[in-house]
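Counting starts at 1 for both ligands and their atoms, following the listed order.
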Amino acid sequence: MGATSGDTRLVARGSHVLAGEYLVLDNERLQRSLFLDGATVEARWVSDKELVCLAPRVVDCRGNRVGVPGGVAVSQTAFGVRLDPHQARPLLAGAEAVLMDWRPFDGTSHWGIRSPSFCYVVPLPDGRILAEETCLAGRPALSQHELASRLHHRLRVHGIEPPGQHDADVERVHIPMLPRPGARHGFGAAGREVNPISGYSVFSSLARADEVADCLANGQPWSSRTSAWRTQALESLLQLSPEAVVDLFDAFGRLSPGSQQAVLDPGTPDGPLLRGLTQQWMLMSGRNRLVGATARGLFQRGRS
Ligand SMILES: Cc1cc2nc3c(=O)[nH]c(=O)nc-3n(C[C@H](O)[C@H](O)[C@H](O)COP(=O)(O)OP(=O)(O)OC[C@H]3O[C@@H](n4cnc5c(N)ncnc54)[C@H](O)[C@@H]3O)c2cc1C
């Protein structure tokens with residue numbers, strides 16, 4: 001169904017092996033495997049206006065289209081290139097995949113006042129390796145130009161000559177981190193299945209798909225929500241200093257697998273989510289910085 005990595009690491013202050021396997025889905029294979037008997041498929045663009053008139057009940061799965069790159073909505077941005085496995089070896093340093101490498105792109109030991117970005121290095125279903133410089137969340141997020149320049153610098157530091165800018169080999173990413181206001185008919189990234197702290201939604205969308213389909217079939221409403229704690233955690237993250245962001249993810253790497261899952265899965269109820277976030281904070285070396293950032297975030301929210 002895709003490319004699986006058994007030894008996936010997160011690198012911040014130290015290198016942490018993450019439990020379980022990391023899977024990059026092969027979208028076409030996944031789509032081909034879906035059961036569509038009795039369905040009529042029309043592949044075309046659908047406007048907002050047309051969408052609501054299509055049928056008595058409509059599920060909008062058109063992704064999150066809030067904001068534009070460089071706009072004021074909180075977003076994740078990334079610039080990536082596809083490498084041959086032998087080229088990517090120095091970036092992987094023995095791992096099969098690196099979910100996040102928070103070390104500065106230029107080989108220095110600290111970010112200083114620069115907004116941090118991390119490198120994501122994963123095997124793809126076509127056998128190549130995606131290396132992507134990622135701004136986890138920003139308002140505004142780092143630009144494509146800045147991320148491309150950082151990635152090329154990082155590759156050179158590892159002795160890798162950056163590939164040419166052929167469009168097929170390049171990936172440019174812009175993910176809004178918060179749901180679209182009033183996303184009533186939405187599901188997946190168009191709804192509230194996205195985790196605002198990570199931009200991830202695949203696991204929660206797949207986990208909820210049958211439940212939502214059953215509701216539709218039985219004429220029942222379905223609902224999902226974004227936990228206010230996650231929205232607050234994103235706000236706090238935006239307030240952190242560059243070095244505190246690295247501390248925060250080093251602490252994530254040292255959480256138990258269960259707590260990591262609680263933080264990552266948007267479907268986690270508030271109780272276990274708060275336990276996971278608190279444990280992450282307790283493991284931070286500069287935990288007072290997160291308290292300050294959270295207080296500032298709450299204060300700014302109170303004023304707006
Ligand atoms: C590099 C990278 C790594 C990631 N890693 C992870 C991860 O580890 N875990 C995780 O859970 N998530 C991850 N994500 C995020 C994940 O890919 C998205 O959250 C997920 O793809 C959202 O799925 P979706 O189907 O809801 O929306 P989308 O994938 O955005 O799909 C929406 C679809 O609707 C189509 N569409 C849009 N507008 C219209 C229109 N007007 N008419 C018709 N069709 C339209 C689009 O063309 C697209 O095909 C990652 C993303 C990137 C880029």
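When non-hydrogen atoms are compared, ligand 1 lies under 4.0 Å from the backbone of Arg44 (N, CA, C, O) but not from its side chain. Contacts of Val173 with ligand 1, taken as heavy-atom pairs under 4.0 Å, involve the side chain alone. Neither the backbone nor the side chain of Ser204 comes within 4.0 Å of ligand 1, counting heavy atoms alone.
Per-residue contacts place Cys61 under 4.0 angstrom from the following atoms of ligand 1 (heavy atoms of the residue considered): 32 (C), 33 (C), 34 (O). Each of the following atoms of ligand 1 lies closer than 4.0 Å to a heavy atom of Gly199: 15 (C), 19 (O). Residue-ligand proximity, Val46 to ligand 1, at heavy-atom distances under 4.0 Å covers atoms 40 (C), 41 (N), 42 (N), 43 (C).
Among protein heavy atoms, atom 19 (O) of ligand 1 sits closest to Ser201 OG, 2.7 Å. For atom 21 (O) of ligand 1, the nearest non-hydrogen atom of the protein is Val202 CG2, 4.5 Å. Looking only at protein heavy atoms, the nearest one to atom 52 (C) of ligand 1 is Ile175 CD1, 4.3 Å. Protein heavy atom nearest atom 13 (C) of ligand 1, with residue, atom name and distance: Tyr200 CD2, 3.5 Å. Looking at atom 3 (C) of ligand 1, its nearest protein heavy atom turns out to be Tyr120 OH, 3.5 Å. Among all protein heavy atoms, the one lying closest to atom 26 (O) of ligand 1 is Ala189 N, 2.7 Å. Gly63 CA, 3.7 Å is the protein heavy atom nearest to atom 27 (O) of ligand 1.
Protein non-hydrogen atoms do not reach within 4.0 Å of atom 29 (O) of ligand 1. Protein heavy atoms all stay at least 4.0 Å away from atom 50 (C) of ligand 1. For atom 46 (C) of ligand 1, the nearest protein heavy atom lies 4.0 Å or farther away. Counting only heavy atoms, the protein gets under 4.0 Å from atom 42 (N) of ligand 1.
When Pro162, Cys119, Ser117 are each tested for a side-chain contact (heavy atoms from CB on, under 4.5 Å) with Leu151, only one passes: Cys119.
Shown here for Val74 and Leu238, the closest heavy-atom pair between the two residues is CG2-CD1, 3.9 Å. The shortest non-hydrogen separation linking Glu21 to Gly6 is CG-CA, 4.4 Å. Looking at every heavy atom in both residues, Cys135 comes nearest to Gly138 through SG-N, 4.2 Å.
Between Ser205 and ligand 1 there is no heavy-atom distance shorter than 4.0 Å. Taking a 4.0 Å cut-off on heavy atoms, Ala78 fails to register as neighbouring ligand 1. The shortest separation from a heavy atom of Val194 to ligand 1 is not under 4.0 Å, leaving the residue out of contact.
Linking ILVMFWY side-chain heavy atoms closer than 4.5 Å, directly or via other members, places Val157 and Trp111 in two distinct hydrophobic clusters. Both Val246 and Leu283 belong to a common hydrophobic cluster when Ile, Leu, Val, Met, Phe, Trp and Tyr are linked at side-chain heavy-atom distances under 4.5 angstrom.
For the pair Glu132 and Arg172, the salt-bridge criterion is not met [side-chain N within less than 4.0 Å of a carboxylate O]. In this structure, Glu243 pairs ionically with Arg13, as a charged nitrogen and a carboxylate oxygen lie closer than 4.0 Å. A salt bridge links Asp106 with Arg114: the distance from a Lys NZ or Arg NE/NH1/NH2 to an Asp or Glu carboxylate oxygen falls below 4.0 Å.
No more than 12 heavy atoms of other residues, nucleotides or ligands shown are found within 6.0 angstrom of CZ on Arg103. Within 6.0 Å of CG on Asp210 lie no more than 12 heavy atoms contributed by other residues, nucleotides or ligands.
Of the candidates Glu171, Arg172, Arg62, Glu193, it is Arg62 that places a heavy atom closest to atom 37 (C) of ligand 1. In the candidate list Trp45, Tyr22, Phe187, Trp45 is nearest to atom 44 (N) of ligand 1, counting heavy atoms. Of the candidates Glu132, Glu50, Gln31, Glu132 brings a heavy atom nearest to atom 1 (C) of ligand 1.
Distance alone, capped at 3.5 Å, is enough to place a donor-acceptor pair between the Asn195 side chain and the Leu264 backbone.
The CZ atom of Phe249 sits 13.5 Å away from the CG atom of Asp101 when rounded to the nearest 0.5 Å.
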